There are 2 protein chains.
Amino acid sequence: MVTIKEIAKLVNLSPTTVSNVIHGHKGKVSAENYKKINLALKDTNYISNMGGRLLGHHGSKIIAVILNFDRRAEVNIVSDPFYDQIIGFLEEEIRKQGYFMMLYTSGSVVESLRLAAAWDIEGLIILGSLPEDAKKFIQQQQRPLAFIDTYVDESFMKDGFINVGLQDFQGGYDITKYLISLGHRKIAFFADGDHLIGVDEKRFLGYKQALSEAGINFQQKDFFALDYRAEKRHAFLKEISQDQLKNYTALVFTSDFLAADAINVFYDNGIQIPRDFSITGFDHNIFSEQIRPKLTTIGQNVNQKAVLAVDYLVERIQSKHAGQKINILLETELIVQGSTAKIPETV
Amino acid sequence: MVTIKEIAKLVNLSPTTVSNVIHGHKGKVSAENYKKINLALKDTNYISNMGGRLLGHHGSKIIAVILNFDRRAEVNIVSDPFYDQIIGFLEEEIRKQGYFMMLYTSGSVVESLRLAAAWDIEGLIILGSLPEDAKKFIQQQQRPLAFIDTYVDESFMKDGFINVGLQDFQGGYDITKYLISLGHRKIAFFADGDHLIGVDEKRFLGYKQALSEAGINFQQKDFFALDYRAEKRHAFLKEISQDQLKNYTALVFTSDFLAADAINVFYDNGIQIPRDFSITGFDHNIFSEQIRPKLTTIGQNVNQKAVLAVDYLVERIQSKHAGQKINILLETELIVQGSTAKIPETV
DNA sequence: CTGTTAGCGCCTTCAG
DNA sequence: CTGAAGGCGCTAACAG
């Protein structure tokens, strides 16, 4: 690997001058030498050694993407397409912005911050963080952070805070309202796990709001928690489909994955959608399209999420000061497909 | 961030001694000082600055995962679950082995190698590489490489070569043979794009072999190339289903994704599976389970692939010499589900 | 406009 | 067993 020193020798100039050319400081170098050095750089296929940069704290050019470990455990089970997709988009945008992406999975904030320190990482993108972890990140932050889909208290959104999320409340509200507009009044809600947090909680609150506005009384029994393990989940769905669910005409799921999964379980047990239930998903990813009937769902632009998060982060890295807090919630879109139907007029 | 020097001051010893403790060179430090230093390291939460390591070529602890750009373009379209899954598994194993993962997408071998040089990357894992790119990597390699699912000529598998793949030929052979055992003799083959390369080619050759052994004559028209763009692909499937496909009773797809996609198109056009066609997939991922009927497919262990690739690579990194070539093709498993059926006895 | 110098943190000699 | 010294490549500060 060629070094600046070697290039300097080659063109009979000093390393500083070479460095100036590399950094495009045109004003500091004569046009003639500028050209000569640039040629030499190309000829020798010069690459700057990142060790040198790191050591002088001149910027590592690394952005780390931190994935919450618990989420990841599931990802490998269900292959959560949201995470998969967004990682691809993040990598693309990080690369386009001239940075390198380090991917790190950890359940521990401390571990993630150690990584950031060791590599002098310029900024972190944090995916799927629980609220309490987000707080820890914010409190111990040494460098710019951008969260994706994280809800924290206003009080934690100080200057420098960045979050790019989705109007989850609105999405939950819209899709529930749509069901109500079809005549449904007995609408159950299904989520991943017992304790609703983050995006699922907002979607749930939107659902409740829509019920309430329509004068429908929500009861705790209308909420169903699904196990992340396929077998348990399937057994549970089968069981309730023969019992509790008989009271409902529509089922709202917090994700396309869960909705599609449920449709299959129902199908296997002779239940037809939307004849027996109207069902809705959330995300508008591959699962809502690769199921029959296709899901009525809430669309989001995952690419945009990734690009915005990276761009805000990079801006903050380069401006070198905190800047105002940013908490963008992207708009959602109701996608009506075949999994929902009007309730038949009954007398 | 605490440095070795600071720790040294703290305990009134030299940096060298501290460094020795950090590296566990017990023999070189008195037991007493060893303890004292270790305590100080913990107290101060010491993290070694990677810049220092890099600069001295003491090992970056980075393994780069290189994704072929063309593949990735598709990944973002179809969210190819194989890539998604394996990236998760790779990250996990790399972390477990004490390395950091840098994820990089590039269509250019040169770009990837520049990255490797700049960061003094210790080893590369290359996913979805075309054969000609693989050759370039091998020719220009400066450090250990591990390929996943790459087929290159024997002549390129010199010492140091590592590839972890699948018995794709066997898989294609087994699944076709299974169809034949059900009585099918008119079996079409569907792949992604015109020019069969890599794993798809092997699967195809397995299919042909099975046909040939059963005395079935393969003709070029039995091969169908699918467009990666959903709309074009769907239109094409619909079109041929009303025409050319009438001659076939079974359809072999190179992936679960394509098979599930086709089932949906057929379903939308009133074609029932397996009544009208028997259909097979390949991979046994989420798509074969999230479709009705579930796909008869070929199973592979993606986690094992990732773990083996990382472990072989790390072994090579640590042993510091090339070692014998490794070209492991993992076993496949025929998974019989509902998308295939016996051909009815006709007279 | 150009060059010299110093220092970032670590590790490996080598000398005590 | 311990310590001092040098060098990895780069850049910023400063001197010419």
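A quick note: this is a predicted structure, and the numbers were derived from the prediction, not measured. Here is how names work: the chains are called A, B, and so on, in the same order as the sequence lines, proteins then strands, and each is numbered from 1.
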Of the listed dC8(C), dC10(D), dC11(C), the closest approach to the N49(A) side chain comes from dC10(D)

Do you see a donor-acceptor pair shorter than 3.5 Å between the side chains of D311(B) and Q97(B)? yes

Quick one about S14(B) and T17(B) (side-chain donor to acceptor, distance below 3.5 Å, no hydrogens or angles considered), yes or no? yes

To the nearest Å, give me how far apart CD1 (I22(B)) and C1' (dT12(C)) are. 14 Å

Closer than 4.0 Å, any side-chain N/O of H58(A) to the OP1 or OP2 of dC8(C)? no

I'd like to know if S19(A) reaches the base of dA12(D) with its side chain such that a donor and an acceptor end up less than 3.5 angstrom apart. no

Main chain of N303(A), side chain of N301(A): is a donor-acceptor contact present, judged purely on distance under 3.5 Å? yes

Axial cation check for F100(A) ring with K61(A), 6.0 Å and 45° limits: no

Hey, is the side chain of T16(A) pairing donor to acceptor with the base of dT4(C) inside 3.5 Å? yes

Whole-Å distance between dC1(D) P and E32(B) CD? 12 Å

Exactly one of E91(B), E93(B), Q85(B) clears side-chain contact (heavy atoms from CB on, under 4.5 Å) with F89(B), and that residue is Q85(B)

Nearest whole angstrom, please: distance from the P of dG3(D) to the NZ of K28(B). 14 Å

Could you check whether L54(B) gets within reach of a base, just the sugar-phosphate, or nothing at all, counting any heavy atom under 4.0 Å? nothing

CE of M1(A) versus C1' of dC8(D): gap in Å, rounded? 11 Å

Would you indicate, yes or no, if dG9(C) has its OP1 or OP2 atom less than 4.0 angstrom from a side-chain nitrogen or oxygen of R53(B)? no

Counting any heavy atom closer than 4.0 Å, what does G56(A) reach on the DNA or RNA strands: base, sugar-phosphate only, or nothing? base

Can you measure N20(B) atom CG to dG9(C) atom C1' for me and round it to whole angstrom units? 16 Å

Sugar-phosphate only, base, or nothing, as touched by Y34(B) at under 4.0 Å among non-hydrogen atoms: nothing

Once you round it to whole Å, what is the distance between P of dA13(D) and NE2 of H25(A)? 10 Å

I4(A) atom CD1 is separated from dT2(C) atom C1', nearest whole Å, by 15 Å

Between dT2(C), dA5(D), dC8(C), which nucleotide has the shortest distance from any of its atoms to the side chain of S30(A)? dT2(C)

Tell me the interatomic distance from I47(A), atom CD1, to dC10(D), atom P, rounded to whole angstroms. 10 Å

Between H57(B) and K26(B), name the one whose nearest nucleotide on DNA chain D is closer to the 5' end. K26(B)

Checking dG3(D), dC10(C), dG3(C) against the side chain of L13(B) (C-beta onward), the nearest is dG3(D)

How do L55(B) and N33(B) order along DNA chain D: which one's closest nucleotide is nearer the 5' end? N33(B)

